[in-house]
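Taking it in order: structure first as structure tokens, then the write-up.
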Amino acid sequence: MSCEQCIDLCVKYVIRQPEQLRKAIRIAKHALSKGILFEINSADNWNQYSFQECAEKMIWGDIVDYHFVCKHCGTQFVLGAETYHGSGGYWSPENEKPSEIFD
């Protein structure tokens, strides 16, 4: 269950265009810098770049698959996209229903 710290992040943000991916990356970077989230490693490491490289240089590989967790309540989030074929992706809490969907 999300907490006061991460409640604003508990939305599903659909990514269809590169600018939407850039925005989702900026949101995650901001939450990391504010100490709300920290990055966790997933079992499958599809990323060609670390999240830090991705966020600083706005570069990404064919697959974007970053995972985060709220430092305060443990809610997990995913930032995922398939950029090679342009099928898009999303930012969303992993294990709970988002409060809103931005499509």
Side-chain angles (χ1 to χ4, degrees):
M1 188 78 162
S2 58
C3 67
E4 250 182 57
Q5 300 296 318
C6 71
I7 190 72
D8 291 340
L9 300 170
C10 286
V11 298
K12 183 169 186 175
Y13 178 67
V14 178
I15 298 166
R16 296 194 197 304
Q17 302 290 326
E19 185 52 42
Q20 293 169 317
L21 178 55
R22 286 184 198 95
K23 181 178 178 180
I25 291 167
R26 287 191 299 267
I27 289 168
K29 180 181 176 184
H30 179 75
L32 287 167
S33 72
K34 292 294 184 186
I36 298 167
L37 301 180
F38 66 91
E39 186 178 3
I40 56 175
N41 294 322
S42 67
D44 299 322
N45 186 7
W46 298 102
N47 299 303
Q48 291 172 281
Y49 301 98
S50 71
F51 182 75
Q52 183 176 351
E53 288 177 296
C54 179
E56 287 178 8
K57 299 176 184 175
M58 281 297 162
I59 56 172
W60 52 78
D62 297 339
I63 302 290
V64 173
D65 184 41
Y66 299 106
H67 298 261
F68 307 92
V69 65
C70 176
K71 289 183 177 182
H72 307 278
C73 70
T75 299
Q76 295 183 11
F77 299 88
V78 63
L79 171 57
E82 192 279 326
T83 63
Y84 182 76
H85 296 103
S87 61
Y90 58 88
W91 163 270
S92 183
E94 281 196 271
N95 300 316
E96 72 178 70
K97 185 178 177 182
S99 60
E100 283 186 75
I101 298 175
F102 296 98
D103 192 357

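These values consider heavy atoms only, across backbone and side chains, with no hydrogens, waters or symmetry-generated copies.
For Tyr49 against Cys54, the heavy-atom pair with the smallest separation is CB-N, 4.5 Å. Looking at every heavy atom in both residues, Ser87 comes nearest to Glu82 through OG-OE1, 2.8 Å. Closest of all the heavy-atom pairs between Glu53 and Ile59 is O-CG1, 3.9 Å. When all heavy atoms of Glu39 and Phe51 are compared, the closest pair comes out as OE1-CB, 3.4 Å.
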Only pairs under 3.5 Å count here: list side-chain donor-acceptor contacts from residues 10-17, not counting sequence neighbours, and write none if there are none.
unit_1, atom_1, unit_2, atom_2, d
Arg16, NE, Asp103, OD1, 3.4
Arg16, NH2, Asp103, OD1, 2.5
Arg16, NH2, Asp103, OD2, 3.1

Would you tabulate the side-chain donor-acceptor contacts of residues 25-37 under 3.5 Å, counting partners in other chains and residues two or more places apart, or write 'none'?
unit_1, atom_1, unit_2, atom_2, d
Arg26, NH2, Glu19, OE2, 3.1
Ser33, OG, His30, O, 2.9

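Thr83 OG1 to Ile63 CD1: the interatomic distance, rounded to the nearest 0.5 Å, is 6.5 Å. The OH atom of Tyr66 sits 12.5 Å away from atom CH2 of Trp91, with the distance rounded to the nearest 0.5 Å. Between Glu56 atom CD and Ser50 atom OG the span is 7.5 Å, to the nearest 0.5 Å. In this structure, Asn95 CG and Ser2 OG are separated by 12.5 Å, a value rounded to the nearest 0.5 Å. With values rounded to the nearest 0.5 angstrom, Cys70 atom SG is found 7.0 Å from Gln5 atom CD.
Transitive grouping of hydrophobic side chains (ILVMFWY, heavy atoms separated by less than 4.5 Å) keeps Ile40 and Phe68 in distinct clusters. Ile7 is not connected to Phe77 by any chain of hydrophobic side-chain contacts under 4.5 Å among Ile, Leu, Val, Met, Phe, Trp and Tyr, and they are in different clusters.
Looking at residues two or more places apart in sequence or on another chain, you find no salt bridge (Lys or Arg N to Asp or Glu O under 4.0 Å) involving Glu4.
Between the side chain of Asp65 and the backbone N or O of Gly80 there is no donor-acceptor pair closer than 3.5 Å.
A 6.0 Å sphere centred on OH of Tyr90 holds no more than 12 heavy atoms belonging to other residues, nucleotides or ligands. The local environment of CD in Gln52 is sparse, with at most 12 non-hydrogen atoms from other residues, nucleotides or ligands closer than 6.0 Å.
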**OP:** Carefully, step by step, assess Val69 and His67 under the rule side-chain contact (heavy atoms from CB on, under 4.5 Å).
**Re:** CA-CA 7 Å; Val69 65; His67 298 261; over 6 Å; no

